Undergrad: 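Here you go, one structure.
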Amino acid sequence: RSLTGDGKLVPDEGADVVHYTYGPCGSGGYTMNIDVVYTVTLDESYFPDAAFRAELGTLFGISEGDVLTEEMLATETLSVQKKNIADLTGICYFADLKKLTCYGNALTKIDLSYNTALTTLYIGANALTELDVSMLPDLQSLSIGNNKISEIDLSSNTKLTSFSTAGNPISVLDLSNHPDLDSVDCGGSPCLTELKLDKAENISELIVDNTPLYYLDLTSAPWVGLSFYGTNLWGIDLHPEASLSETSVTYKANMKGVNL
């Protein structure tokens, strides 16, 4: 927050309550809490991207210049896929969002730091080179396939059950310490040479088709449906009680051994 020259108190973006201390200089002062009530308007100042504004207008049945009601801003699901949106600035006002579907657009960046309630994020088929999801501790399903992301930190997303990064140029993918992880799709990732799945004991579906992976350690997973069509895998270490199913191998796979 800041105090402007004309004495107006300006809250930080996304703030709900401002704690303002006032009093004589040098004293402890007095503290008062000010509830911040936002008026969010469907215009360029709040939502700079015209395609995003148009889709919000369609979804909520409002026109350019109308005010979004509290009920609209409290929505928990927002689907804006394949609308040629290049900028999701303004998504911060939907602080209660749990599911955001925005795949098939033209996004090059996105700030989700105020959308901490998200549990599902489908953001594939955009033009992202990076994605920060460290502020989303409740995220369970994440799909980022077919972007340009070369690395991603998922260490804060320990509740993940489903993850897809198909087609991204990620070389090392660390999914360690994700005990609830059930499904992983890395198919078509041209740079993937290392996949860490420590403690992923509940994984049941793993797709690594058409990747340069040469080794897989699946000793944490007693049951897994594994597909590695067109890979360079030389070996797999399996759980002693492992049961492989739905396994796909072609002449392109250079499998040399499976250790149980």
Side-chain angles (χ1 to χ4, degrees), residues 11-18 35-64 66-147 149 152-165 178 180-183:
D12 293 333
E13 182 179 7
D16 295 316
V17 176
V18 173
D35 291 329
V36 179
V37 179
Y38 281 104
T39 298
V40 178
T41 306
L42 189 65
D43 61 30
E44 189 175 1
S45 64
Y46 288 93
F47 305 98
D49 190 281
F52 187 28
R53 291 200 308 277
E55 185 60 14
L56 289 176
T58 299
L59 290 172
F60 295 122
I62 58 177
S63 302
E64 184 90 9
D66 287 348
V67 173
L68 280 76
T69 66
E70 290 185 18
E71 290 77 12
M72 294 174 186
L73 295 174
T75 186
E76 295 185 354
T77 301
L78 192 61
S79 297
V80 290
Q81 68 270 21
K82 297 183 179 180
K83 299 299 179 181
N84 200 32
I85 297 170
D87 186 357
L88 279 180
T89 294
I91 197 70
C92 62
Y93 300 114
F94 299 95
D96 295 327
L97 267 186
K98 292 185 177 180
K99 181 178 181 180
L100 174 60
T101 303
C102 53
Y103 66 81
N105 284 296
L107 299 173
T108 58
K109 61 181 180 179
I110 186 170
D111 181 359
L112 297 171
S113 56
Y114 291 103
N115 305 103
T116 56
L118 278 172
T119 61
T120 301
L121 176 60
Y122 299 144
I123 197 168
N126 279 283
L128 297 171
T129 57
E130 60 183 7
L131 179 64
D132 184 2
V133 290
S134 62
M135 74 297 292
L136 307 177
D138 294 324
L139 197 61
Q140 298 175 20
S141 184
L142 174 62
S143 178
I144 64 171
N146 298 309
N147 277 284
I149 298 171
I152 187 167
D153 182 0
L154 299 173
S155 59
S156 300
N157 314 109
T158 57
K159 296 181 181 180
L160 271 181
T161 61
S162 174
F163 176 64
S164 173
T165 182
H178 289 76
D180 297 324
L181 198 60
D182 175 71
S183 174

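Everything quoted here is computed from the prediction, not taken from an experiment.
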Undergrad: Would a 4.5 Å heavy-atom cut-off, applied to side chains only, mark K99 and L78 as touching?
TA: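 The answer is no, as the side chains (C-beta and beyond) never meet within the 4.5 Å cut-off.
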
Undergrad: Mind listing the closest non-hydrogen atom pair of T158 and S155 along with its distance?
TA: CG2-O, 3.6 Å

Undergrad: Nearest 0.5 Å please: distance from the CG atom of L154 over to the CG atom of L142.
TA: 6.5 Å

Undergrad: Can you tell me how far apart CG (D66) and OG1 (T41) are? Round to the nearest 0.5 Å.
TA: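 That separation rounds to 8.5 Å.
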
Undergrad: Just wondering, do S134 and S156 contact through their side chains at under 4.5 Å, heavy atoms?
TA: yes

Undergrad: CG of D153 to CG of D132: how many Å apart, nearest 0.5 Å?
TA: 8.0 Å

Undergrad: Treating T75 as the side-chain partner and E71 as the backbone partner, does any N or O pair qualify as donor plus acceptor under 3.5 Å?
TA: no

Undergrad: Any side-chain heavy atom of N115 within less than 4.5 Å of one from L100?
TA: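 They are not in side-chain contact.
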
Undergrad: Distance check, rounded to the nearest 0.5 Å: L97 atom CG versus T77 atom OG1?
TA: 7.5 Å

Undergrad: Hey, does V133 have a side-chain heavy atom less than 4.5 Å from the side chain of I144?
TA: no

Undergrad: Under the 3.5 angstrom rule, does the side chain of N147 hit a backbone N or O of I149 as a donor-acceptor pair?
TA: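 No.
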
Undergrad: Step by step, would you call D49 with L88 a side-chain contact (heavy atoms from CB on, under 4.5 Å)?
TA: CA-CA 7 Å; D49 190 281; L88 279 180; over 6 Å; no

Undergrad: Kindly check if the number of other-residue, nucleotide or ligand heavy atoms within 6.0 Å of CG (N84) is above 12?
TA: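 No, CG of N84 has 12 or fewer neighbouring heavy atoms, counting only those of other groups under 6.0 Å.
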
Undergrad: Is there a side-chain contact between D138 and L118 in this structure, where contact means two heavy atoms from C-beta onward sitting under 4.5 Å apart?
TA: no

Undergrad: Do side-chain atoms of N126 reach the backbone of L128 as a donor and acceptor pair under 3.5 angstrom?
TA: no

Undergrad: Hey, mind stepping through I91 and T89 against side-chain contact (heavy atoms from CB on, under 4.5 Å) and telling me if it holds?
TA: CA-CA 6 Å; I91 197 70; T89 294; over 6 Å; no

Undergrad: Atom OG of S162 and atom CG of D180: how far apart are they, to the nearest 0.5 Å?
TA: 12.5 Å

Undergrad: For residues L56 and Y46, determine if any side-chain heavy atom of one lies less than 4.5 Å from a side-chain heavy atom of the other.
TA: no

Undergrad: Please test T165 against I152 for side-chain contact (heavy atoms from CB on, under 4.5 Å), starting from the C-alpha separation and ending with a verdict.
TA: CA-CA 10 Å; T165 182; I152 187 167; 5.9 Å; no

Undergrad: Within a 6.0 Å radius of atom CD on E130, are there more than 12 heavy atoms belonging to other residues, nucleotides or ligands?
TA: no

Undergrad: How far apart are the closest heavy atoms of E55 and S79, and which atoms are they?
TA: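 Heavy atoms of E55 and S79 come nearest at OE2-O, 4.1 Å.
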
Undergrad: Checking side-chain contact (heavy atoms from CB on, under 4.5 Å) for the pair F47/L68: CA distance, chi angles, key distance, verdict?
TA: CA-CA 12 Å; F47 305 98; L68 280 76; 4.3 Å; yes

Undergrad: Under 4.5 Å between any side-chain heavy atoms of F52 and D87, yes or no?
TA: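 No; the side chains remain at least 4.5 Å from each other.
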
Undergrad: Please determine whether salt bridge (charged side-chain N to carboxylate O under 4.0 Å, His left out) holds for the pair E44 and R53, giving the CA-CA distance in whole Å, both sets of side-chain angles, and the decisive distance to 0.1 Å.
TA: CA-CA 8 Å; E44 189 175 1; R53 291 200 308 277; 5.2 Å; no

Undergrad: Would you say N105's side chain and V80's backbone share a donor-acceptor pair under 3.5 angstrom?
TA: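 Pair found, side chain donor or acceptor close to backbone of V80.
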
Undergrad: Nearest heavy-atom pair of A51 and K83: which atoms, and what distance?
TA: CB-O, 3.5 Å

Undergrad: Would you call the rings of F60 and F94 parallel, tilted or perpendicular, taking 30° and 60° as the class edges?
TA: parallel

Undergrad: So, taking the atom named CG in L42 and the one named CD1 in I62, what distance separates them when rounded to the nearest 0.5 Å?
TA: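 Answer rounded to 0.5 Å: 4.5 Å.
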
Undergrad: Quick check, are the ring centers of Y103 and Y122 under 6.0 angstrom apart?
TA: no

Undergrad: If you compare all heavy atoms of A117 against all heavy atoms of A95, which two are closest, and at what distance to 0.1 Å?
TA: CB-O, 4.1 Å

Undergrad: Any side-chain to backbone donor/acceptor pair from H178 onto N157? Under 3.5 Å, distance only.
TA: yes

